[in-house]
Structures are given as structure tokens and as C-alpha cells.
Amino acid sequence: MGIVKISDLMHENLRVAGNALSRSINAQAEHWMRVGMLTEMHPDLDYREVCQLLIQAELSGGLDIAATVTAAPPGKPRGPANGKQH
């Protein structure tokens, strides 16, 4: 566990979102980091699909970046990088 320094505005954003979603500030920050990380790794996925990846990861014992990189995204076959299927 470590300390991450963030701006006062981001801390307030985390507090508001965390309260609205019944999460602690730390849990809200971790959620956003997980979603952001998976979005960068799988830019072709929408938010629902990213949440499915998070649920699958939790059922498998936690989010493992090495396993996430090699796993096929849910509901999307691997295809050309531009997303066009021929």
C-alpha cells in the first residue's frame, strides 16, 4: 500500500462520487484507476464490458494485469486493430 498525492479538487470529486455510490474515497479512487487501466488496455471496450472484466477478475481472485493483457475481452472476438471485421 502506498500514498498517492492528488489535487484538492480530485479529492473532492472522489468524496462526492464515493458518497453517491456508497464507496470510501479510497475505494472510489481504486475503482476509477481500475476502469482507467482497463480502458487504456482495451480501448475498444465500452464501460459495461470493462465492468464485466472487473467482475471476472474479482471472481478469479483479483485484477492481475498480466492475465488481463493476455485474456480476450468479453463478447468481442479479437480481430484487426482498427476494429473492422471483414
Side-chain angles (χ1 to χ4, degrees):
M1 185 167 150
I3 295 175
V4 177
K5 293 187 179 202
I6 59 173
S7 69
D8 290 338
L9 178 57
M10 180 56 72
H11 188 272
E12 181 62 13
N13 291 339
L14 287 164
R15 187 190 66 72
V16 169
N19 285 341
L21 299 169
S22 300
R23 295 181 181 136
S24 68
I25 291 173
N26 288 345
Q28 185 64 36
E30 187 167 340
H31 173 73
W32 282 348
M33 286 187 277
R34 287 176 175 194
V35 169
M37 180 180 67
L38 289 172
T39 300
E40 285 185 348
M41 294 170 67
H42 301 285
D44 55 320
L45 299 182
D46 62 27
Y47 180 73
R48 179 187 56 81
E49 293 165 322
V50 168
C51 288
Q52 287 176 344
L53 280 179
L54 287 170
I55 291 168
Q56 289 172 359
E58 186 64 27
L59 292 172
S60 299
L63 186 59
D64 178 3
I65 194 168
T68 304
V69 169
T70 59
K76 297 246 181 165
R78 292 192 183 241
N82 64 6
K84 294 180 183 174
Q85 300 289 326
H86 296 267

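Computed from a prediction, not measured in an experiment: that's the story for all the values here.
- Residues I25 and I6 fall within the same hydrophobic cluster, defined by Ile, Leu, Val, Met, Phe, Trp and Tyr side chains chained together at heavy-atom separations under 4.5 Å.
- The two residues N13 and W32 come nearest to each other via the heavy atoms O-CH2, 3.9 Å.
- With a 4.5 Å cut-off on side-chain heavy atoms, N19 and R15 count as touching.
- Cluster annotation: L59 and L54 are assigned to distinct hydrophobic clusters (Ile/Leu/Val/Met/Phe/Trp/Tyr, side-chain heavy-atom contacts under 4.5 Å, transitive).
- Sorted by first and then second residue, the pairs that involve residues 24-39 and meet salt bridge (Lys or Arg N to Asp or Glu O under 4.0 Å), not counting sequence neighbours, are E30-R34.
- In this structure, E49 contributes its side chain and D46 its backbone to a donor-acceptor pair below 3.5 Å.
- By the 4.5 Å heavy-atom criterion applied to side chains, L21 and H31 are not counted as neighbours.
- Scanning all heavy atoms of the two residues, the minimum distance from L53 to H42 falls at CD1-CD2, 3.7 Å.
- In this structure, CD on Q56 lies 11.5 Å from SG on C51, to the nearest 0.5 angstrom.
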**Report entry** Steps toward side chain to side chain contact (heavy atoms under 4.5 Å, CB included) verdict (L63, M37)
**Finding:** CA-CA 11 Å; L63 186 59; M37 180 180 67; 3.1 Å; yes
